[in-house]
Amino acid sequence: MKTVITFGTFDVFHVGHVRILERAAALGCRLVVGVSSDALNFSKKQRYPIYGEQDRLHIISALGCVSDVFLEQSLELKGQYIKQYKADILVMGDDWQGKFDHYSHLCEVVYLPRTPSISTTEIIEVVKDRH
Ligand code: C2G
């Protein structure tokens, strides 16, 4: 009866995103997803996502493997979100390997391998090159 939590921007939703969500969901019985807000993205990457936060929330909440979604307003609030949603496991892709180990006093922290050869940044570059 474990609750799993994960975080991400999930901009220009692709198969790498769906695969990590499916694998995260398989670790428990309930998957909660924190979707990074537009403002959080701007502060991290100095650009806004292609899809706005309401559309990204809508896409993630429509997935069968996802039980609950919320907007992640700050990277520093992860501990609070873990407690609020009573998460037993925090899942992130291994591009974040080691970065969230300090939450291991609150829940188990698991890094899953990223799906190779696909990323939002590469998709944006391919689309740009075609124009
Ligand atoms: N991912 C993956 N395989 C890919 C691309 C992404 O498994 N080919 C995973 C990432 O490792 C991450 C999740 O999909 O766990 C979401 O990826 P991003 O949208 O790029 O998330 P990011 O901007 O890194 O935001 O609080 C942390 C941030 O919100 C994470």
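When a ligand or atom number is given, it counts from 1 through the structure's own listing order.
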How close does the nearest protein non-hydrogen atom get to [atom], and which residue and atom is it?
atom: atom 3 (N) of ligand 1; result: Thr115 N, 3.1 Å
atom: atom 7 (O) of ligand 1; result: Arg114 CA, 3.5 Å
atom: atom 11 (O) of ligand 1; result: Asp95 OD1, 2.7 Å
atom: atom 24 (O) of ligand 1; result: Trp96 NE1, 3.1 Å
atom: atom 12 (C) of ligand 1; result: Gly93 N, 4.2 Å
atom: atom 28 (C) of ligand 1; result: Lys44 NZ, 3.4 Å
atom: atom 18 (P) of ligand 1; result: Thr9 N, 3.9 Å
atom: atom 19 (O) of ligand 1; result: Phe10 N, 2.8 Å

Lys86, NZ atom: more than 12 neighbouring heavy atoms under 6.0 Å: no
Per-residue contact class, Arg19 against ligand 1 - non-hydrogen pairs under 4.0 Å: neither
For ligand 1, the portion of Lys45 having any non-hydrogen atom under 4.0 Å away: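 Near ligand 1, Lys45 shows its side chain, while the N, CA, C and O stay back.
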Backbone or side-chain N or O of Phe7 under 3.5 Å from ligand 1 N or O: no
For Gly8, atoms of ligand 1 separated by under 4.0 Å from a heavy atom: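 By the 4.0 Å cutoff, the relevant atoms are 16 (C), 21 (O), 25 (O), 29 (O), 30 (C).
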Sub-4.0 Å atoms of ligand 1 with respect to non-hydrogen atoms of Glu72: 26 (O), 28 (C), 29 (O)
Backbone of Phe100 reached by a side-chain donor or acceptor of Tyr111 within 3.5 Å: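 Confirmed, Tyr111 side chain pairs with Phe100 backbone.
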Cationic N near anionic O, under 4.0 Å, Asp94 to Arg114: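 Not counted as a salt bridge, because no side-chain N and carboxylate O are separated by less than 4.0 Å.
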N-O pairing of Glu22 and Arg19 below 4.0 Å: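 No salt bridge links Glu22 with Arg19.
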Identity of the nearest option to atom 8 (N) of ligand 1, non-hydrogen atoms only, from Ile118, Asp94, Leu75: Ile118
Stacked cation flag Lys78 on Tyr103, 6.0 angstrom / 45 deg: no
For residues 53-64, please give each side-chain donor-acceptor pair under 3.5 Å, one per line with the distance, not counting sequence neighbours.
unit_1: Glu53; atom_1: OE1; unit_2: Asp38; atom_2: N; d: 2.9
unit_1: Arg56; atom_1: NE; unit_2: Tyr51; atom_2: O; d: 2.8
unit_1: Arg56; atom_1: NH1; unit_2: Thr9; atom_2: O; d: 2.8
unit_1: Arg56; atom_1: NH1; unit_2: Ser36; atom_2: O; d: 2.8
unit_1: Arg56; atom_1: NH2; unit_2: Ser36; atom_2: O; d: 3.0
unit_1: Arg56; atom_1: NH2; unit_2: Asp38; atom_2: OD1; d: 2.6
unit_1: Ser61; atom_1: OG; unit_2: Leu57; atom_2: O; d: 3.1
unit_1: Ser61; atom_1: OG; unit_2: His58; atom_2: O; d: 3.0

